[in-house]
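Structure first, then comments.
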Protein chains: 2
Amino acid sequence: MKKRNIAKFLRMLRKEGGEISSFSSSSLISEHPVVSSSSSANMNSLCKKSIVKIQKRLKYKFNDRIWLEQALTRRSFVLESISTQVDEQANQRLEFIGDRVLELAVARILFVKNSGDNEGELNTKLKYCVNNTTLATIATRLRLGKYLIVGKGEEMCGIRENQKVLADTLEAIIGAIYFDSNEDMKRVCKFVARHFKTYLKQILASN
Amino acid sequence: MKKRNIAKFLRMLRKEGGEISSFSSSSLISEHPVVSSSSSANMNSLCKKSIVKIQKRLKYKFNDRIWLEQALTRRSFVLESISTQVDEQANQRLEFIGDRVLELAVARILFVKNSGDNEGELNTKLKYCVNNTTLATIATRLRLGKYLIVGKGEEMCGIRENQKVLADTLEAIIGAIYFDSNEDMKRVCKFVARHFKTYLKQILASN
C-alpha cells in the first residue's frame, strides 16, 4: 500500500472511530494533507502544455501537480463537471491557507531586512505589500486568469479578468506551493521574494 | 569566524554597499535572523532556574535561549537597563511574526482536520481559536506573566496580570519558537496543537 493510501486509510479509520475519542495533539501534526488524486490521467482539465507553461511562469515545479490543479479549479467548474476528481471547495480552502502563508512570508522578509522597524512600521509595510491590488497585479503579470479552470457561467461573466478572483487565485497558488513543498517556509519565501520583488524594493528604498 | 558572525558581517557589508543596488530576491531568503547575543553571560535578567521552569511549562527546549529572553523582555525593561543586550523592539517584533505563525499553524490544523469545511467555516473556526481572550487564557495557564522581564514603572501597574500583555507575550513566544526551530512549521504546529488543545477539541466536537 502506498504511503498516501495508508494516510487516507488511517484518516478513514479515525473518522469511523470518532474524531474526539481519538483526539491527541500529536495526531494533528503527523498528517500531511492528502490530495484526492495525483494520477496524470485525472489532469483532464489542465493540459500538459499549460502545466509546463504556468510552472515556467511561476518559476516553481510542482512535485504533485494535483495541488496546482486544485488551486486553479473554481467551484463553478466542479459543479458542472461529471468527471473531475477535484473537491469543489479545494480552491477556496487553499486560498484560506495561502492567505496566511503569504502574510508570514512577507512578515519574515520584513523582519530580516528591516531590523530597526518596530511592530507598527512592520505592519504598515506588510499591508503595503499584501493587499488585493498588489495580488491582482502580480496574478495578471503571471497570466493566472488564462489558466483558471472555470464553469461556463463564470466564463461568460469575464471571470478571468476579475481582479478579486485573480488575487484569490494567487493566494491559492501560494497555499498549493506551501503543501507541495512539504510546508517549507523558506521555499515559499523564495517564491514570494521573487514575485513581490517590485513592492519589497519600494519598501526597502523607503528605509 | 563563526557562521553567525559571518552572516552578521555579510549583512553589514550589504548595508554599506547600499540596500537597493544589492537587492536580489535570493538575498531575502539566504539569511536567518541573527540575534544580538547567545552567550549565557548575558542572560542576566532571566535566571537559569527560571529558564528551566518555563521551558518545562512550554514543553519546548530552546536551542538558543536568547530568543526566549527576547520574547519575554518588554521595552520598559530595556529602556531602564544599562547592561541588557536585548533590542528594545525585539519583543514586539517577535509578536509581529508570532501573530502570523500562530494563524498559519491553526489554519493548517483546521485544513487537515476539517476536510469538508469551506473557507467561511474555516475562518470562523480560526477566529474562535485565535483571539486575545483564548491567548490570554493560555498565557495565564503557562504563567507567562511571572517570567516577564519588565521595567519598574510597568511592574507597579500590574503588567503581569494584564490580559492584552499576556496575549501579546504568547504571540512573541510563538515567534521565538518559529525562528529557534529554524522556521520549522511542523514543530510550531506541535506546540500550538498541544497548548490550544482545549479550543481545537471544541471545534472538532462541533463538526
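Reminder, nothing fancy here: chain letters follow the sequence lines and each chain counts from 1.
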message = On a heavy-atom basis, which atom in L104(B) and which in M185(A) lie closest, and how many Å separate them?
response =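 Taking L104(B) first and M185(A) second, the nearest heavy atoms are CD2-SD, 4.1 Å.
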inquiry  = Minimum heavy-atom separation for R93(B) and F111(A), please, with both atom names.
reply    =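 Smallest heavy-atom distance, with atoms named: NH2-O, 2.8 Å.
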Max heavy-atom pair count under 4.5 Å with chain B, selected residue of E95(A), E119(A), E121(A) =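 Between E95(A), E119(A), E121(A), the count favours E119(A).
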query = Mind checking whether E183(B) and K186(A) have side chains closer than 4.5 Å, heavy atoms only?
reply =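 Yes, side chains in contact.
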ask   = Can you find a pair of side-chain heavy atoms, one from R100(A) and one from R100(B), that are under 4.5 Å apart?
value =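 With C-beta onward as the side chain, the pair stays apart.
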Can you give each donor-acceptor pair under 3.5 Å made by side-chain atoms of residues 163-176 of chain B, sequence neighbours left out, with the distance rounded to 0.1 Å?
from: Q163(B); atom 1: NE2; to: E161(B); atom 2: O; distance (Å): 3.2
from: K164(B); atom 1: NZ; to: D168(B); atom 2: OD1; distance (Å): 2.8
from: K164(B); atom 1: NZ; to: D168(B); atom 2: OD2; distance (Å): 3.0
from: T169(B); atom 1: OG1; to: V165(B); atom 2: O; distance (Å): 2.7

Roughly how far apart are [X] [atom1] and [Y] [atom2], rounded to 0.5 Å?
| X | Y | atom1 | atom2 | answer |
| --- | --- | --- | --- | --- |
| E103(A) | F96(B) | CD | CZ | 8.0 Å |
| D99(A) | L122(B) | CG | CG | 12.0 Å |
| L110(A) | I97(B) | CG | CD1 | 8.0 Å |

Which atoms of [X] come close to chain B, meaning under 4.5 Å heavy atom to heavy atom: side chain ones, backbone ones, both, or neither?
| X | value |
| --- | --- |
| Q89(A) | side chain |
| N123(A) | both |
| L126(A) | side chain |

key: Greater than 12 external heavy atoms within 6.0 Å of R141(B)'s CZ   =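 Enclosed.
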